[in-house]
Amino acid sequence: MEQYAIKGGNPLVGEVEIGGAKNAALAILAASIMTDETVLIENVPDVRDTNAMMQAMESIGAIIERIDRHTVKITGKAIKDLAIEDDFIKKIRASYYLLGALLGKYNKAQVTLPGGCNIGLRPIDQHIKGFRALGAEIRIEHGLIIAEAEQLKGGHIYMDVVSVGATIDVMLAAAMAEGQTIIENAAKEPHVVDVANFLNCMGASIKGAGTDVIRIKGVPKLHGTEYAIIPDQIEAGTFMFAAAVTKGDVTVKNVIPKHLESISAKLTEIGCEVEESDDAVRVVAAKPLTHTHVKTLPYPGFPTDMQPQITVALGLSKGTSIVTESIFENRFKYVDELTRMGASIKVEGNTAIIDGVSKYTGASISAPDLRAGAALVIAGLAAEGTTVIDDIKFIERGYEDFDLKLQSLGAQIEKVSSERELRKFRLKTG
Ligand code: UD1
């Protein structure tokens, strides 16, 4: 089993290139099979989740050609099978995008119930409500969701909760439905906009993505296109917090600074300097960090996917901070691990009360999920001594070359797969 071995204490300094947005890529890959023509997608991050999605697509007959590490050509013409039962798909929650894409194109789809990060109850009732509003019949049998329609017809959907997944899924299903669909209380995340832009490049007619009302005029057919995925807001934010926590000076490049505003604002509040340019953001942490309060919210609020990273930073900030998680109820599981590193955090329901400590100390810990795993890596980078992190497969779901990118900023981190390699790391790093 692979682990990350980290010797903390080095400030991160330098520049790092941010890859394509994983969560946009998952939906765009699924959407690409909605045409029989070939689609070229650039800036696809090479991470476990996107690879799992492409394997699931291949399992139903999509032809996927890798042009280079981040560019793929996809042809959905040969799709024969509308049932995705692949065990692999259970691992990624975003398998539900194949439901929307197949239902939208073929009026029928059958997909294994989604898995993904275990961060709380993650229902898909809003997806189902949306599909039903478009005229589909939905059944759940033997762990599969089966969606069918004679012909999807545009509908009016008011989402009861702001859901990224449901907004995108309904957009996919509605792109070729007869007539107009209106989604109210839609999610406004950058990747919702990216998927709408992609579908529009394929000939769809989607207006309002990025606001809370999205209007979709169904078109009879979608066509091939070339498209580059937006940069990953959460990968960028993770490196920005890594700079803060290690008292470093990091420029994250190839980003859209507007997408990072809530993250930049919190970093400024806790005492970092944040400089924005056209497609880069520099974070300098020259002063001691100070406390703040933060509540996770749908975009443009502070992202739930950055909650563990900011908690790690606040754990080292002077004073008492409060972090409120308002999106997923079970997202503080990593706090036990952080406590083993010396953090002083009390969790009550969806709130963490954090008393800043002056340092973390290295420990053997496990990554409980993707973002918490990344946050624990950051904690290890700031800690005194060596930290060993298990279950890094979670981190690899969403971060490409995380260890190598951190190394390029001066971090002492290595992937090790045996006791012997770990001993070597300890000897080398002292
Ligand atoms: C997506 C992201 C995930 C991020 C989350 C919130 C992907 C693959 N994952 O997840 O990284 O943390 O957005 O920004 O893009 N809900 C319902 N019913 C539904 C759907 C959602 O009640 O049918 C609830 C959820 O339980 C949660 C909230 O709505 O409390 C937001 O979830 P949602 O935005 O759908 O998250 P995901 O799309 O699963």
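Order of listing sets the numbers, starting from 1, for every ligand and every atom in it.
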Per-residue contact class, [X] against ligand 1 - non-hydrogen pairs under 4.0 Å:
X	result
Phe328	side chain
Glu329	neither
Ile234	neither

### Message
With a 4.0 Å cut-off on heavy atoms, is Pro123 in contact with ligand 1?
### Response
yes

### Query
Is Ile128 in contact with ligand 1, taking contact as a heavy-atom separation below 4.0 Å?
no

Per-atom contacts, ligand 1 versus [X] - under 4.0 Å to a heavy atom:
X	value
Ile124	19 (C), 23 (O)
Asp305	3 (C), 4 (C), 11 (O), 12 (O)
Val161	16 (N), 17 (C), 22 (O), 24 (C), 29 (O)

### Query
Does a side-chain N-to-carboxylate-O contact under 4.0 Å join Lys405 and Glu235?
yes

### Task
Considering only NZ, NE, NH1 and NH2 on the basic side and carboxylate oxygens on the acidic side, decide whether Glu137 and Arg139 come within less than 4.0 Å.
no

### Task
Would you kindly say whether Thr292 and Glu269 are connected by a side-chain donor-acceptor distance under 3.5 Å?
yes

## Note on the structure
What one should report as the nearest heavy-atom pair of Ala379 and Leu338 is CB-CD1, 3.7 Å

### Task
Identify the heavy atoms of Tyr334 and Leu376 that sit nearest to each other, and give their distance.
O-CD2, 4.2 Å

### Message
Are Tyr399 and Phe394, when compared by the centres of their aromatic rings, separated by less than 6.0 Å?
### Response
no

